[in-house]
Amino acid sequence: MTSDSWPLTSITMTSNSMTVRVRFAPSPTGYLHIGAARSALFNWLFAHQMGGKFLLRIEDTDLQRSTDESTRSIIEGLEWLGLVYDEDIVFQSDNAEKHRSAARKLVAEGKAYRDFTPKEQREDKSVKQGIVDRARAHAAEGIDHRSNQYRDLAGEESERRAAAGEPFAIRLKVAREGVSRFADIVYGDQERAFSEIEDLVLLRSDGHPLYNLSVVLDDIEMGITHVIRGQDHLTNTHKQILLYQAFGKEVPQFAHLPLILAPNKAKLSKRKHGEVVSLTTYRDRGFVPAAFRNFLALLGWTPPPGGKEILTVAELVQQFSLDQIHRAPAIFNFQESDPRHWTDDKALWMNAEYIRTMPLAELLPMVKTELRAEKLWREEYDEDESAWIETAVDLIRQRFFTLKDFSSQGRAYFSEDFDFDDAAVRKNILKEPKLNELLPLLADRLETVEPFSAAQAEAALRAFTDEAGVKAGLLINASRTMLTGQAVGPSMFEVFEIIGRERSAMRLRSQRPWHEFS
RNA sequence: GGCGCAUUGGUGUAGUUGGUUAACACGCUGCCCUCUCAAGGCAGAGAUCACGGGUUCGAGUCCCGUAUGCGCUACCA
C-alpha cells in the first residue's frame with residue numbers, strides 16, 4: 001500500500017513541524033476496561049504512525065474511588081498489550097494546586113465567577129433521575145437553567161463575601177449568545193448553542209477541581225495535539241473548548257471513538273457483565289497479547305478496503321487511520337451462559353489463528369509460562385528435551401484456542417496425571433469389550449518398533465490390526481483415548497511418537513477406563 | 001425534559017462524489033480430505049440496507065419525520 005493510494009487526512013498532516021502528542025487518560029477506579037484498552041491502543045497506533053509521543057496520565061482526582069491497585073492494573077494491562085508510554089506518567093492529583101490557581105485567575109479576569117449558592121444535597125435517587133427531574137421542574141416553572149444570581153455579582157461584593165469565609169464554587173461564565181463549533185475527526189462537524197451549555201463548575205466549594213477543568217489544563221501542559229477518546233465525551237467537548245479559549249490556548253484536534261456495547265446494545269458494564277469486560281481476564285484466560293490487540297483494533301476501525309484483518313503491529317501502525325474509524329457503536333458479542341462463547345467468537349478465532357500460525361519461538365515462552373503455572377513444566381524442557389517440547393507444542397497447537405488449552409486439553413503430553421473424557425471413553429473404549437485384551441497386545445507390539453517414529457508406529461499398528469482382524473480405526477481411536485484421555489487430537493501416529501515408546505505402552509496397558517468408568 | 005450521536009445478513013464491517021445481481025471476515029450448513037477433531041479446499045444458506053415519507057430517470061448513499069438504542073445534561077470522571 002503506497003502513501004499515494006492511501007493518503008493521510010489533511011487535518012492530521014497540516015503542520016509537519018508540530019509533533020503529535022496524544023495521551024491515554026484513564027481514571028484508576030477498577031480494572032482496565034476493554035473499551036479503555038481500545039482507546040489506549042488507538043492513541044498508541046496514531047502516535048506511532050505519526051512519529052509522535054504516546055503519554056499516560058492517571059486521572060486520580062476522585063480520591064474516594066481511586067486506588068493504587070487499579071493504577072497498577074492499568075499499567076500492567078498496557079504492558080501486556082505492548083503499549084509502551086513515552087515520558088513519565090502524569091498523576092492528575094499532583095496538579096490540583098495549579099488547577100485551582102488557574103480557576104482563580106479566570107475569576108480575576110472576569111471569565112469565571114464565584115457562585116455562593118449552597119451546595120445542593122444529593123437526593124437518594126440516581127444521578128440521571130435527578131437531572132431529569134430538575135430539568136422538568138425548571139421547564140414547568142419557566143426557569144432558565146442558566147440563570148444564576150451570582151453571575152453578575154459585583155467584583156467587590158464577591159471579594160468581600162469570599163474574604164468573610166462564605167463558601168463558593170467557581171463557575172465558568174458561558175456567553176449567552178452564540179454557538180460552539182468544532183470538527184471532530186471521526187464524527188464530523190459538531191455544533192452546540194451556548195444556550196444549551198450551563199455555566200460549568202470549575203472548582204467545587206471545597207476547592208476540589210473538577211474534571212472538565214483538569215483535563216483541559218493537563219492536556220495544555222502536556223502539549224497534547226490530538227485528543228482521542230470515547231464518544232461519551234463528545235458533547236462535553238464544547239465545554240472544554242470554551243476553557244481552551246478562556247485560557248487563550250490553541251484547541252487540539254478531537255477524535256471520538258464509538259462506544260463498545262454489550263450484545264443487547266446495552267452499555268458494557270463491569271457490574272452487569274463481569275469479567276468479560278476486563279482486560280486482565282484475557283491475559284488470565286490464555287490470550288496471546290498480539291491476538292487480542294489485533295482484535296481490539298478491529299472494534300470501531302477497519303483496515304483499508306481489500307486488506308486482511310490479521311495484522312502485525314507494524315502493519316497496524318502503517319495502516320491505521322483516524323478517518324477509517326466509524327461512528328456506529330461496536331458490539332462486543334458474547335454469551336455469558338455458554339462457556340464455548342464466553343467472549344466474542346471472533347476474538348477466540350483470532351487467538352486460535354495466532355496460536356497455530358505465529359512463530360514457534362514466540363509461542364514457546366507463553367506456553368512455558370502457562371505450563372509453569374500449572375506445575376507441568378519440567379526443567380529438562382529447557383535443556384535435553386528442548387527439541388521434544390518444540391515438536392510437541394507445534395503438534396498440539398494446531399487445534400488450540402487459548403494458551404490454557406496447553407495445560408488442560410494438552411495435559412497428557414506433559415503429565416501422567418490427566419483425566420479421561422467421559423464421552424471419549426464410552427465411544428472409543430467401553431463400546432468394544434475386545435479392547436481390554438487388544439490394547440495390551442498392541443502395547444507389546446509397539447515396544448518392538450525401532451525406531452519409534454510415526455511412520456513405524458503406523459506400520460506396526462496396521463499390521464497388528466490386520467492380524468487381529470479388526471479395523472485400524474478401532475485401535476487408533478482407542479489409543480487416542482488411552483494416551484490422551486480424549487476423543488480428539490492430532491494424527492494418532494504423531495501422538496505415539498511424541499508420547500514415546502515407554503509412556504505409550506504404559507498407557508495402553510493402564511486399564512484406567514475399566515477401573516474408572518465401570 | 002432538553003441536546004447530541006447512531007441504526008447494512010446472527011456478529012464485526014465495506015460500500016467516502018447517489019448508477020448493473022449490496023462486498024469481506026467470524027459464525028452457521030453441506031461436501032472433499034481423513035484414524036478423531038481441527039486446519040485447509042470447495043459449495044451454500046442468511047440483508048425487502050430500522051420504519052414512513054420526499055428529492056431524483058435512479059437512493060444503503062441526499063432531505064424530513066418516526067421508532068429504537070446509546071451518550072451528554074452533576075459542586076462525577
Side-chain angles (χ1 to χ4, degrees), chain A residues 25-27 29 59-62 64-66 92 115 117 119-120 122 127-128 130-140 145 167-171 187 190-193 195-198 200-206 208 210-212 214-215 230-239 256 258-259 261 263-267 295 298-303 305-310 323-324 326-334 341 344-350 352-353 356-357 398-401 424 427-428 458 461 471-477 479-481 486-493:
Chain A
S27 52
T29 54
E59 308 218 318
D60 56 348
T61 51
D62 187 334
Q64 262 78 47
R65 292 195 297 153
S66 298
Q92 192 159 64
D115 180 1
T117 311
K119 185 180 175 185
E120 270 181 61
R122 270 282 285 284
V127 175
K128 168 73 182 161
I131 292 165
V132 172
D133 290 349
R134 191 178 70 136
R136 256 196 276 249
H138 282 184
H145 68 286
F168 59 87
I170 292 180
R171 306 187 94 112
Y187 284 89
Q190 299 296 309
E191 189 178 294
R192 197 167 186 212
S195 61
E196 294 298 328
I197 307 175
E198 205 169 1
L200 56 143
V201 175
L202 270 20
L203 230 52
R204 239 156 49 176
S205 48
D206 62 3
H208 185 85
L210 257 24
Y211 173 74
N212 283 308
S214 296
V215 236
Q231 192 252 21
D232 46 344
H233 293 284
L234 186 65
T235 342
N236 278 333
T237 303
H238 289 102
K239 294 178 180 174
H256 286 90
L259 262 24
L261 304 180
N264 56 358
K265 293 194 195 302
K267 190 179 176 179
F295 173 73
L298 265 21
L299 248 28
W301 172 78
T302 335
K308 53 186 178 129
E309 291 187 323
I310 300 272
D323 49 30
Q324 280 290 309
H326 46 86
R327 310 205 246 252
I331 293 179
F332 193 67
N333 197 24
F334 59 92
H341 303 280
D344 198 299
D345 273 347
K346 193 151 177 174
L348 250 12
W349 166 79
M350 194 166 274
E353 185 71 16
R356 68 175 167 259
T357 62
Q398 298 305 323
R399 55 215 83 206
F400 285 172
F401 280 79
K427 175 166 170 269
N428 290 340
E458 174 163 14
L461 183 141
K471 283 187 180 167
L474 177 71
L475 278 173
I476 289 170
N477 288 324
S479 296
R480 175 154 26 243
T481 301
Q486 296 172 353
V488 302
S491 162
M492 197 49 215
F493 304 110

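Each chain gets a letter, A, B and so on, in the order the sequences are listed, and its residues count up from 1.
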Self-check item: Side-chain N,O (A:Asn212) to OP1/OP2 (B:A77) below 4.0 Å
Solution: no
Quiz item: With a 4.0 Å cut-off, would you call A:Glu198 and A:Arg134 a salt bridge?
Solution: yes
Quiz item: Expressed in whole Å, how much space separates the C1' atoms belonging to B:U29 and B:G65?
Solution: 42 Å
Exercise. Whole angstrom is fine here: how far is it from CD1 in A:Ile331 over to C1' in B:A50?
Key: 13 Å
Self-check item: Paired nucleotide for B:A38 [Watson-Crick or G-U wobble; both distances under 3.5 Å]
Solution: none
Quiz item: Base, sugar-phosphate, or nothing for A:Ser27, non-hydrogen atoms under 4.0 angstrom?
Solution: sugar-phosphate
Self-check item: Smallest separation among heavy atoms of A:Met350 and A:Ile310, with atom names
Solution: CG-CD1, 3.9 Å
Quiz item: Taking the P atom of each, how far is B:C57 from B:U68, in whole Å?
Solution: 35 Å
Quiz item: Contact class for A:Ala472 vs. all strands (heavy atom < 4.0 Å): base, sugar-phosphate, or nothing?
Solution: nothing
Practice problem: Using a 4.0 Å heavy-atom cut-off across all strands, classify A:Ser479 as base, sugar-phosphate, or nothing. | Solution: nothing
Practice problem: Using a 4.0 Å heavy-atom cut-off across all strands, classify A:Gly230 as base, sugar-phosphate, or nothing. | Solution: nothing
Quiz item: Is B:G10 paired to anything, Watson-Crick or G-U wobble with both distances less than 3.5 Å, and if yes, which nucleotide?
Solution: B:C26
Quiz prompt | Shortest non-hydrogen contact from A:His238 toward A:Ile197 | solution = CB-CD1, 4.0 Å
Quiz item: Got a donor-acceptor pair under 3.5 Å from the side chain of A:Thr235 to the base of B:C3?
Solution: no
Self-check item: Atom of A:Gly300, atom of A:Pro258 and distance for their closest heavy-atom approach
Solution: CA-CG, 4.1 Å
Quiz item: Which nucleotide in the list B:C75, B:C76, B:C35 gets nearest to the side chain of A:Lys119?
Solution: B:C75
Practice problem: Calculate, to the nearest 0.5 Å, the distance between atoms CG and CZ belonging to A:Leu234 and A:Arg192 respectively. | Solution: 9.5 Å
Quiz item: Closest heavy-atom contact between A:His208 and A:Thr61?
Solution: CE1-O, 2.8 Å
Exercise. Could you please name the option among B:A77, B:A39, B:U11 that lies closest to any side-chain atom of A:Thr61?
Key: B:A77
Quiz item: Contact class for A:Pro490 vs. all strands (heavy atom < 4.0 Å): base, sugar-phosphate, or nothing?
Solution: base
Quiz prompt | Identified pairing partner of B:C72, criterion: Watson-Crick or G-U wobble below 3.5 Å | solution = B:G2
Quiz item: Can you check the A:Lys346 NZ to B:G9 C1' distance for me, whole Å?
Solution: 14 Å
Quiz item: How is A:Glu59 classified with respect to the nucleic acid when contacts are heavy atoms under 4.0 Å: base, sugar-phosphate, or nothing?
Solution: sugar-phosphate
Quiz prompt | Minimum heavy-atom distance A:Gln231-A:Tyr187, with the two atoms named | solution = CG-OH, 3.4 Å
Quiz prompt | Nucleotide nearest A:Arg327 (side chain, heavy atoms from C-beta), chosen from B:C76, B:C5, B:U73 | solution = B:C5
Quiz prompt | Rounded distance (Å) that lies between atom C1' of B:G4 and atom NZ of A:Lys239 | solution = 13 Å
Quiz item: Expressed as a whole number of Å, how far does the P atom of B:A23 sit from that of B:G44?
Solution: 13 Å
Practice problem: Tell me what A:Glu198 touches on the nucleic acid: a base, only sugar-phosphate, or nothing, going by heavy atoms under 4.0 Å. | Solution: sugar-phosphate
Practice problem: Return the value, rounded to whole Å, for the distance between atom NE2 of A:His256 and atom P of B:A6. | Solution: 14 Å
Quiz item: With respect to the side chain of A:Asp345, which nucleotide from B:G27, B:C76, B:U73 is positioned closest?
Solution: B:G27
Quiz item: Taking atom P in both B:U8 and B:U16, what distance in whole Å separates the two?
Solution: 16 Å
Practice problem: Give none if B:G46 has no partner; otherwise give the nucleotide forming a Watson-Crick or G-U wobble pair with it, both distances under 3.5 Å. | Solution: none
Quiz prompt | Nearest listed nucleotide, side chain of A:Tyr187, among B:C35, B:U73, B:A6 | solution = B:A6
Quiz item: Do A:His233 and the base of B:A77 stack face to face, with centres under 5.5 Å apart and an angle between planes under 30°?
Solution: yes
Quiz item: Going by modelled atom types, is there a donor-acceptor pair between the base of B:U36 and the side chain of A:Lys427 at under 3.5 Å?
Solution: no
Quiz item: If you measure from the C1' atom in B:C42 to the same atom in B:C35, how many Å do you get, rounded?
Solution: 23 Å
Self-check item: Residue met sooner reading RNA chain B from 5', once A:Glu458 and A:Ala328 are mapped to nucleotides
Solution: A:Ala328
Quiz item: Is any N or O donor-acceptor pair between the side chain of A:Arg192 and the base of B:C3 shorter than 3.5 Å?
Solution: no
Quiz item: How far does the C1' atom of B:G12 sit from the matching atom of B:C3, given to the nearest Å?
Solution: 30 Å
Quiz item: Looking at B:A77, B:G12, B:G4, which one has an atom nearest to any side-chain atom of A:Gln190?
Solution: B:G4
Quiz item: Once you round it to whole Å, what is the distance between C1' of B:A77 and CZ of A:Arg65?
Solution: 6 Å
Quiz item: Touch check for A:His326, heavy atoms < 4.0 angstrom, all strands: base, sugar-phosphate only, or nothing?
Solution: sugar-phosphate
Self-check item: Minimum-distance nucleotide to A:Val488 side chain [options: B:C37, B:U7, B:C35]
Solution: B:C37
Exercise. Please state how far atom CZ in A:Phe493 lies from atom P in B:C35, giving the value in whole angstrom units.
Key: 8 Å
Self-check item: Complementary nucleotide of B:U61, counting Watson-Crick and G-U pairs under 3.5 Å
Solution: none
Quiz prompt | Gap in Å between the two P atoms, one belonging to B:C70 and one to B:C32, rounded | solution = 47 Å
Quiz item: For A:Ile131 and B:C72, what is the distance between atoms CD1 and C1' respectively, to the nearest whole Å?
Solution: 8 Å
Quiz item: Hey, are A:Lys346 and A:Asp344 close enough for a salt bridge, meaning a charged N less than 4.0 Å from a carboxylate O?
Solution: no
Quiz item: Roughly, in whole Å, what's the span from NZ in A:Lys128 to P in B:G69?
Solution: 12 Å
Quiz item: Closest nucleotide of RNA chain B for A:Arg136 versus for A:Ala347: which of these residues is on the 5' side?
Solution: A:Arg136
Exercise. Look at the side chain of A:Arg480 against the base of B:C35 and say whether a donor-acceptor pair falls under 3.5 Å; ignore hydrogens and angles.
Key: yes
Quiz prompt | Candidate nucleotides B:C75, B:A74, B:C35, ranked by approach to the side chain of A:Asn477 - the nearest | solution = B:C35
Quiz item: What closest approach, in Å, do A:Leu299 and A:Phe332 show between heavy atoms, and which atom pair accounts for it?
Solution: CD2-CD1, 4.0 Å
Quiz prompt | Of the listed nucleotides B:U36, B:U73, B:A77, the one nearest the side chain of A:Arg399 | solution = B:U36
Quiz item: Which nucleotide in the list B:C70, B:G2, B:C75 gets nearest to the side chain of A:Leu259?
Solution: B:C70
Quiz item: Hey, what do you get for CG (A:Leu202) to CG (A:Leu210), rounding to the nearest 0.5 Å?
Solution: 8.0 Å
Quiz item: If you measure from the P atom in B:U61 to the same atom in B:G53, how many Å do you get, rounded?
Solution: 14 Å
